[in-house]
Protein chains: 2
Amino acid sequence: MIESCLYHKLSHYVEIDDNSWDVLAQLEENEEPYCADTVVREIGTSADELFVVKSGWFYSFVLLPDGRRQIVSICHPGDVVGFADIAYHKACDTLVAASDGILCPFPKQHLRKVFTDTPRVAALLFTLAVRDQVLLTDLVKATGRMSAREKLAYFLLELDARHRVTHPSNASFTLPLNQSEIGDTIGLTNVYVSKSLVALEDEGLISRQNGDITILNPADMAAMCDFQDRHDQMDVSWFPAPR
Amino acid sequence: MIESCLYHKLSHYVEIDDNSWDVLAQLEENEEPYCADTVVREIGTSADELFVVKSGWFYSFVLLPDGRRQIVSICHPGDVVGFADIAYHKACDTLVAASDGILCPFPKQHLRKVFTDTPRVAALLFTLAVRDQVLLTDLVKATGRMSAREKLAYFLLELDARHRVTHPSNASFTLPLNQSEIGDTIGLTNVYVSKSLVALEDEGLISRQNGDITILNPADMAAMCDFQDRHDQMDVSWFPAPR
DNA sequence: CGAGGTGTTGAGAACCATCAATTGCCGTGG
DNA sequence: CCACGGCAATTGATGGTTCTCAACACCTCG
């Protein structure tokens with residue numbers, strides 16, 4: 001059993017038997033490196049592949065005709081990318097590399113075998129997809145109903161929570177996104193992201209040192225934006241038994 | 001084979017063999033009626049059930065501590081509700097009846113049998129869940145990056161598209177939501193929803209007659225908010241074959 | 001007739017966007 | 001080594017979209 005990001009992340013939630021693992025490992029058979037800011041897959045092009053993130057950060061976004069951009073998903077090592085495209089023939093968003101990184105593409109058709117042969121893995125993938133959906137409801141809540149400072153508190157706590165799954169001890173994390181990208185995620189301008197970050201820092205809620213973020217007061221920040229950690233656990237009780 | 005909302009809706013996308021249909025029919029075995037504005041399931045309570053909507057409209061929302069509300073999903077007859085809760089032990093949102101209606105609850109544990117015995121149905125449910133995810137990305141795009149008028153154009157077109165799946169000929173549809181609920185969906189106040197609706201009407205894009213909405217100029221409205229119809233088709237090419 | 005829910009309209013204020021200028025940083029090339 | 005350009009972040013001034021508060025009209029239902 002090879003060590004992998006996907007395994008590392010999933011084993012946080014559920015015990016993966018050898019049979020399931022063989023199937024999962026097939027998803028990471030192929031590797032494709034990408035440089036920062038490279039487009040992986042354009043919106044509207046054929047959506048016949050999904051990806052496992054092996055290293056680096058990626059994100060996907062949609063554009064309005066006049067150039068306004070909304071980032072809808074940020075992807076870290078161990079994440080499965082492209083669930084949204086399973087239901088459609090064409091990609092619903094554009095996927096780009098936020099930093100240098102490696103993706104493992106696998107064909108959508110591969111899922112057929114997963115569903116027929118290893119229902120437990122299918123259930124696991126289902127759960128991952130559904131978790132993405134919950135993350136999106138959190139994002140809707142933020143973009144729809146929060147002030148700028150609350151949006152940023154949510155954004156930073158969410159990245160922190162995700163980081164903690166694989167790095168439980170780290171109090172701070174590196175943020176390889178610029179302020180325009182942050183704004184395009186939570187619905188602000190780059191200018192107001194800057195002003196709000198300064199505000200959070202002045203209040204003593206966070207500190208920053210060249211790209212690294214430290215959450216100084218998680219409790220107050222979480223109260224401020226009603227934050228829920230979606231990454232610490234999942235419900236696997238209904239999963240089919242391992243073969 | 002009994003006629004049902006679920007069958008009616010799903011058969012729009014994929015041929016459902018008898019074996020699959022038997023499994024799906026089990027999801028609708030039990031019925032529970034709800035009056036308008038009744039809470040079906042509170043956020044934070046045990047999430048061990050999913051629902052098929054048999055009749056009426058339902059929606060689910062989250063609240064911020066100070067009372068701000070964000071509606072994250074609107075559910076019509078034939079929809080499966082509660083995918084988000086599959087990944088967690090506690091419900092992530094509160095589900096209420098928007099109008100009088102009937103739900104068919106079924107236990108989450110039921111999915112185990114679906115995944116082991118009927119992979120094709122599992123794939124179908126997976127696809128429905130993923131479609132919900134795409135609808136959420138559309139909503140994020142609207143709340144994060146659109147003006148009030150654009151948000152409303154998107155909102156109305158989305159409901160219209162959903163309505164057309166089961167009522168292809170109808171040019172207008174009934175909207176059993178008040179303007180506060182509309183605002184809580186797309187991130188506006190009830191006051192500004194009113195003003196923006198009047199604006200759309202003045203421009204000749206829509207017309208209203210006591211609760212019914214008619215989209216007068218779909219093309220211009222769609223261009224205005226870069227609308228994509230997510231309901232006209234789905235990709236079922238990768239599904240396991242019927243048994 | 002009165003009460004409550006819903007929608008409309010107006011005035012004022014607040015928050016965030018827009019525009020513009022400045023700083024600092026880094027890599028490049030003279 | 002220094003000059004230069006480009007990108008990212010910051011800061012300030014101004015303006016606009018939307019929110020808030022308030023009043024009023026309408027309808028339904030008691």
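We name chains A, B, ... by the order of the sequence lines, and we start the count at 1 in each one.
- Summary of the strand contacts: Arg149(B) and Leu197(A) both lie near DNA chain D, and taking for each the nucleotide with the nearest heavy atom, the more 5' one is attributed to Leu197(A).
- In this structure, Leu152(B) atom CG and dT17(D) atom P are separated by 16 Å, rounded to whole Å.
- Rounded to an integer number of Å, the gap from Ile186(A) CD1 to dC16(C) P is 11 Å.
- Under 4.0 Å is where a charged nitrogen must lie from a carboxylate oxygen, and between Asp184(A) and Arg68(A) no such pair does.
- Side-chain N/O atoms of Ser194(A) include none lying less than 4.0 angstrom from OP1 or OP2 on dA9(D).
- Ion pairing between a basic and an acidic side chain is recognised when a charged N comes within 4.0 Å of a carboxylate O; Asp226(A) and Lys141(A) show such pairing.
- Mapping Val198(B) and Met146(A) onto DNA chain C by nearest heavy atom places Val198(B) closer to the 5' end of the strand.
- Computed from coordinates, the Leu188(A) CG to dA9(D) P distance equals 14 Å when rounded to whole Å.
- For the helix from dC1(C)-dG30(D) to dC26(C)-dG5(D), the end axes, each set by the C1' atoms of five terminal pairs, are bent relative to each other by 30° (nearest 10°).
- Regarding Glu181(A), its CD atom lies at a distance of 11 Å from the C1' atom of dA8(D), rounded to whole Å.
- Of the possible donor and acceptor atoms, none in the side chain of Arg131(A) sits under 3.5 Å from a partner among the backbone N and O of Ala84(B).
- Rounded to an integer number of Å, the gap from Gln179(B) CD to dC27(D) P is 15 Å.
- Gly187(A) comes within contact range of the sugar-phosphate backbone alone, with a heavy-atom separation under 4.0 Å but no base atom that close.
- As rounded to whole Å, 16 Å separates atom C1' of dC7(D) from atom CG of Leu177(A).
- Applying the 4.0 Å criterion to OP1 and OP2 of dC16(C), one finds that Thr189(A) has every side-chain N and O outside that range.
- Without hydrogens or angle criteria, Ser194(A) side chain to Asn190(A) main chain gives no donor-acceptor distance under 3.5 Å.
- Using bins of under 30°, 30° to 60° and over 60° for the plane-to-plane angle, the ring pair His76(A)/Trp57(A) lands in the parallel bin.
- Here the side chain of Val191(B) is nearest to one of dT18(D), dG10(C), dA20(C), namely dG10(C).
- Contact record, Ser196(A) with Leu152(A): CB-CD1, 3.1 Å, taken as the closest heavy-atom pair.
- Comparing Asn190(B) and Tyr192(A), the nucleotide of DNA chain C nearest to each residue sits closer to the 5' end for Asn190(B).
- A donor N or O paired with an acceptor N or O is found under 3.5 Å between the base of dG10(C) and the side-chain atoms of Lys195(B).
- Remark: Arg68(B) is not in phosphate contact with dC19(D), judged by side-chain N or O atoms under 4.0 Å from OP1 or OP2.
- For the pair Asn178(A) CG and dG6(D) C1', the computed distance is 14 Å after rounding to whole Å.
- Whole-Å rounding puts the Asp212(A) CG to dA9(D) P distance at 14 Å.
- Under the 3.5 Å distance criterion, the side-chain polar atoms of Lys108(B) are matched with a main-chain donor or acceptor of Asp85(B).
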